[in-house]
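Below you'll find the structure, written out as structure tokens, and then a few comments.
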Amino acid sequence: MSGMNKQGRPTSFAESGGGAERTTFTGNKGLELEEPLIFERDTKGACGVDLDEPEGYQPKIGKFERKNRIGLPGLSEPEVVRHFVRLSSKNYSIDAGLYPLGSCTMKHNPRLNEKMARLPGFGDVHPLQPEQTVQGAMELIDTLAHWLKTLTGLPAVAMSPKAGAHGELCGMMAIRAAIEAKGEGEQRRRVLVPESAHGTNPATAALLGYKVDTIKGDGNGRVDLEALREKLGPDVAAIMLTNPNTCGLFERDIIDIAKAVHEAGAYFYCDGANFNAIVGRVRPGDLGVDAMHINLHKTFSTPHGGGGPGAGPVVFSEALAPFVPLPYVVQKDGVYDLIETEDEAEADGTSPFGRMTAFHGQMGMFVRALAYMMSHGSDGLRQVAEDSVLNANYVLASLKDVMSASYEGPCMHEALFDDRFLKGTGVETLDFAKAMIDEGYHPMTMYFPLVVHGALLIEPTETESKQGIDLFIATLRDLVAATKSNDKERFSGAPHFAPRGRLDETAAARKPILRWQPEMPAQAAD
Ligand SMILES: *Cc1c(COP(=O)(O)O)cnc(C)c1O
């Protein structure tokens with residue numbers, strides 16, 4: 001079959017589902033080059049370096065020496081370089097264009113952060129170095145910790161968690177430790193989670209053995225305070241609530257929610273993934289939050305989404321501070337010290353619930369986050385929140401006459417639409433999103449949150465220009481108009497112009513090909 005590679009993937013334009021008539025001899029589309037797997041590029045014996053056979057070499061492992069080929073592909077250096085450069089150009093990224101993925105805060109990653117993270121004193125440190133040789137690195141962790149506590153109005157922080165979900169686990173483990181310290185571990189087995197929550201919230205609670213109990217919304221995208229009150233009781237350990245929530249709305253009853261939760265003897269875990277909307281404006285500690293993770297890779301601009309590891313420090317209230325996990329940095333008379341063992345913690349007057357990671361967290365992300373904070377200053381961080389909310393409201397206001405906004409009134413840093421505007425067009429949320437790819441946009445978050453049908457959650461972030469957002473809005477308006485035309489192919493066949501057309505997602509999930517297999521040598525018939 002021409003235009004199919006050995007794995008059965010289409011390589012020509014038409015067969016990629018594009019529906020366009022033209023195919024090319026090479027499978028390339030203009031200067032966008034087709035690229036097979038590196039194993040398919042294998043030239044037996046090819047190598048990027050030319051090394052002499054070592055003279056007088058005696059293997060020290062005797063009969064265990066490998067005799068067969070290791071199975072790595074053989075390529076020259078330029079072939080390797082081209083392979084990875086071609087693949088990288090197929091990856092959409094925030095450096096390429098607007099990335100409106102709701103709940104993910106895909107903002108520009110300032111290059112200053114990268115420069116700071118590459119300073120050898122930060123970039124080359126090793127977690128097992130003697131403490132006296134990494135005083136600067138520990139000062140940086142301590143300084144970042146200081147600003148995270150200041151911005152959230154909470155007295156303690158665990159720096160080591162490596163992502164938002166990992167931070168949730170850390171926060172909930174501290175809550176469990178506090179409950180056990182009060183002797184209520186057996187009794188408090190239930191965790192309340194609003195129906196709009198990110199999937200990681202119920203997953204975290206379930207992982208720790210808690211029973212997840214869903215609280216329904218008030219019909220306006222927020223938690224129903226009365227429904228929450230009815231669910232509270234002596235068996236509730238905590239509530240896990242996102243604020244601003246995943247519908248892009250501020251929970252107006254947040255103080256009453258916190259009060260009710262505390263009166264029931266439970267703790268308030270806040271999912272802080274949406275902190276970007278309120279950073280520098282609202283301190284979660286003032287709202288009654290007991291623990292909250294901060295996605296440094298969202299609010300504080302460290303790269304994510306294939307661009308780098310995350311970091312999810314967790315801030316804690318006075319009640320939970322004693323249980324903050326190991327290790328943590330302390331400072332005495334200008335000297336930084338790591339509290340790494342239970343004995344050291346006991347001497348420091350704390351009782352950590354354990355530890356989350358082998359070492360101290362994502363050092364490179366700490367450097368980037370602190371560089372971001374310091375280069376913005378307090379006025380700049382406040383402006384981040386204000387501009388992110390302004391941009392999202394601009395999108396909401398510019399589209400709500402043609403797309404169906406899910407809730408009344410202004411939003412926070414993301415605008416939520418649902419699929420009512422597609423009713424009767426035969427176009428689904430998924431088709432609409434795929435058509436956006438043809439226009440050069442990464443789609444928004446789709447089908448999340450689950451509380452509205454066919455959700456489209458748009459988060460432009462503060463780093464997009466008005467010009468850029470205007471073009472995005474105009475594109476969506478054009479697409480909405482097209483849903484009402486006869487040009488259904490624009491949607492059902494989309495993406496037409498991407499390196500790959502629409503994939504058979506069901507087959508990919510049911511019969512995944514996870515590993516390249518070498519072609520079997522032809523067997524002699526017997
Ligand atoms: C991103 C996100 C998380 C999880 O954070 P990760 O860093 O991806 O683990 C949790 N909750 C919400 C609301 C999020 O947007």
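Any value given below was found using the heavy atoms of this structure, including those in side chains, with hydrogens, waters and symmetry copies removed. Ligands are counted one by one from 1 in listed order, and the atoms in each one are counted from 1 as well. Positions are given from 1 along the sequence.
Judged as a salt bridge (charged side-chain N to carboxylate O under 4.0 Å, His left out), and not counting sequence neighbours, the contacts of Lys216 are Asp224. When the side chain to side chain contact (heavy atoms under 4.5 Å, CB included) test is applied to Thr463, the partners found at least two apart in sequence or on another chain are Lys107, His108, Thr461. Looking at residues two or more places apart in sequence or on another chain, you find no salt bridge (charged side-chain N to carboxylate O under 4.0 Å, His left out) involving Asp419.
Side-chain rings of His198 and Phe448 approach one another, their centers coming within less than 6.0 Å.
By the 6.0 Å contact criterion, CD on Glu342 is open, its count of non-hydrogen atoms from other residues, nucleotides or ligands being 12 or less.
Enumerated by chain and number, the residues approaching ligand 1 to less than 4.0 Å through a heavy atom are Ser103, Ala163, Gly164, Ala165, Glu168, His198, Thr200, Asp271, Ala273, Asn295, His297, Lys298.
Relative to the six-membered ring of Phe353, Arg176 misses at least one condition, a distance below 6.0 Å or an angle of at most 45° to the axis.
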